[in-house]
2 protein chains.
Amino acid sequence: MTRRIPQARDRGIPDATVARLPLYLRALNGLAERGTPTVSSEDLAAAAGVNSAKLRKDLSHLGSYGTRGVGYDVQYLIYQISRELGLTQDWAVAIVGVGNLGRALANYGGFVSRGFRIAGLLDGDPQVVGDRIAGLTVEHADELETVIKRRGVSIVVIATPASAAQQVCDRVIEAGVTSILNFAPVVLSVPDGVDVRKVDLSIELQILAFHEQRKADGVVM
Amino acid sequence: MTRRIPQARDRGIPDATVARLPLYLRALNGLAERGTPTVSSEDLAAAAGVNSAKLRKDLSHLGSYGTRGVGYDVQYLIYQISRELGLTQDWAVAIVGVGNLGRALANYGGFVSRGFRIAGLLDGDPQVVGDRIAGLTVEHADELETVIKRRGVSIVVIATPASAAQQVCDRVIEAGVTSILNFAPVVLSVPDGVDVRKVDLSIELQILAFHEQRKADGVVM
DNA sequence: CTTTGTGAAACTCTTCACAGCG
DNA sequence: CGCTGTGAAGAGTTTCACAAAG
């Protein structure tokens with residue numbers, strides 16, 4: 001799936017670990033806000049909702065940042081995880097498709113706060129073009145390539161209807177983008193070397209329905 | 001994490017398989033719309049974006065629904081997967097928090113089409129209460145317990161700000177709900193027997209940033 | 001001859017349990 | 001003495017490769 005680059009500085013962090021680092025970061029930021037200076041693996045694991053052995057193993061992939069008998073320095077660990085995730089640099093993100101979901105994303109504080117800067121909002125509907133959202137003016141989708149190139153966009157969020165998603169995808173890849181977050185309920189086909197992550201709102205509900213049905217069938221309730 | 005109920009009719013479908021069934025269902029519905037009568041594991045796997053051996057193993061957990069030398073009957077497989085996921089029954093869903101995200105969810109066709117019926121939209125902000133969205137009137141969050149009980153809500157979607165999420169969660173569990181889909185960026189603490197699935201919009205971006213950074217560092221580009 | 005269904009092998013991820021550091 | 005970091009064991013998942021079915 002993801003291209004592995006066997007490289008000197010690639011310490012080969014497992015995908016499962018990478019997926020949890022943002023969780024740890026969020027928990028650590030909560031602790032930092034409350035002024036906590038250090039935290040044990042036990043407490044941090046509880047705050048992030050994982051098992052403490054898993055947390056220690058995850059962190060061990062980044063380096064030896066804890067102190068035995070004490071725990072982890074909150075600020076230092078925030079820095080190390082941020083650096084590992086690439087959040088110490090500034091990523092320009094464009095959101096294509098400014099319906100309710102696109103608006104929700106544009107207004108979502110979690111993006112801007114962590115290394116991401118929304119550099120463009122685009123939509124194909126002339127009715128929407130010109131609207132001001134989260135301090136930006138919505139531009140026409142025709143401008144996609146221009147916006148990507150002029151503003152150094154490296155990550156594109158696709159929040160269009162399913163029917164437009166593949167076409168938008170092809171265009172942004174052609175413009176040089178290799179990281180895409182897709183909210184449209186379609187499987188995007190992309191060449192090697194392009195990363196696509198997808199979020200499908202209805203899939204999660206379907207998984208819940210499966211478990212809910214099992215609860216109703218089972219004896220243990 | 002998820003409670004296992006070792007039960008006669010629990011054929012113990014692996015979690016990884018359950019998570020992919022909605023994907024297959026979506027691909028199958030696409031084929032059905034185009035009138036395709038049967039499909040091979042190879043073709044269906046390609047449409048769903050997975051490896052064909054994995055697809056066959058996944059489907060084998062549900063039963064022997066294919067025909068060797070031919071493939072799978074599209075309509076029949078749609079029915080079997082729907083039944084397994086519990087989508088042949090009607091699930092009443094309430095959405096708490098009617099900001100942009102809540103509105104996006106309420107208007108999202110994918111929910112209504114597949115066994116889910118939005119039975120309530122609730123918000124704590126009096127400014128929003130009374131708005132009509134997707135054919136429903138937004139009710140005050142004070143009505144939460146009443147709505148859940150009167151309308152038989154079994155799944156609740158939390159789309160509130162982080163600060164309100166745990167409180168809403170506690171209340172819906174108290175009212176008898178055991179399946180929660182959480183969009184707020186907090187780890188909800190819940191008793192045993194309650195299923196929580198979470199979608200964090202910013203975590204996916206952070207994972208992309210990690211890979212994007214690796215591409216920039218690596219030699220292979 | 002095509003395509004499913006599946007043991008077995010390979011791989012990944014999680015958890016245990018404790019040596020060893022501070 | 002408390003807590004990290006980690007080998008080793010265990011659980012879960014993916015992929016291979018092929019026998020058996022149609």
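The basis for the numbers below is simple: all heavy atoms, side chains too, and nothing from hydrogens, waters or symmetry mates. Every chain is numbered from 1 and lettered A, B, ... according to where its sequence line falls, protein lines coming before strand lines. Everything numeric here is computed off the predicted structure, so don't read it as measured data.
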Check: Does a side-chain N-to-carboxylate-O contact under 4.0 Å join A:K215 and A:E212?
Finding: yes
Item checked: Under-4.0 Å salt bridge between A:E84 and B:R214 -> yes
Mind calculating the distance between [atom1] ([X]) and [atom2] ([N]) to the nearest angstrom?
X	N	atom1	atom2	result
B:N51	C:dC11	CG	C1'	14 Å
A:I13	C:dC13	CD1	C1'	15 Å
B:L59	C:dT3	CG	P	16 Å
B:K54	C:dC11	NZ	P	15 Å
B:K57	D:dC16	NZ	C1'	10 Å
B:L55	C:dG5	CG	C1'	12 Å
A:R56	C:dA19	CZ	C1'	13 Å
A:D43	D:dG2	CG	C1'	13 Å

Margin query: Heavy atoms from C-beta onward define the side chain here; which of C:dG5, C:dC13, D:dT13 lies closest to that of B:S64?
Written below: C:dG5
Next item on the list: Check each of A:V96, A:D195, A:I173, A:V157 against A:I180 using the side-chain contact (heavy atoms from CB on, under 4.5 Å) test, and report the only one that passes.
Entry: A:I173
Margin query: So if I apply the side-chain contact (heavy atoms from CB on, under 4.5 Å) rule between A:V93 and each of A:V153, A:L181, A:I155, A:V156, which one comes out positive?
Written below: A:I155
Closer than 4.0 Å, any side-chain N/O of [X] to the OP1 or OP2 of [N]?
X	N	answer
B:T67	C:dT4	no
A:S41	D:dT4	yes
B:Y65	C:dT3	no

Notebook entry, point to check: Can a donor-acceptor pair under 3.5 Å be found between the side-chain atoms of B:R68 and the base atoms of C:dT4?
Noted result: yes
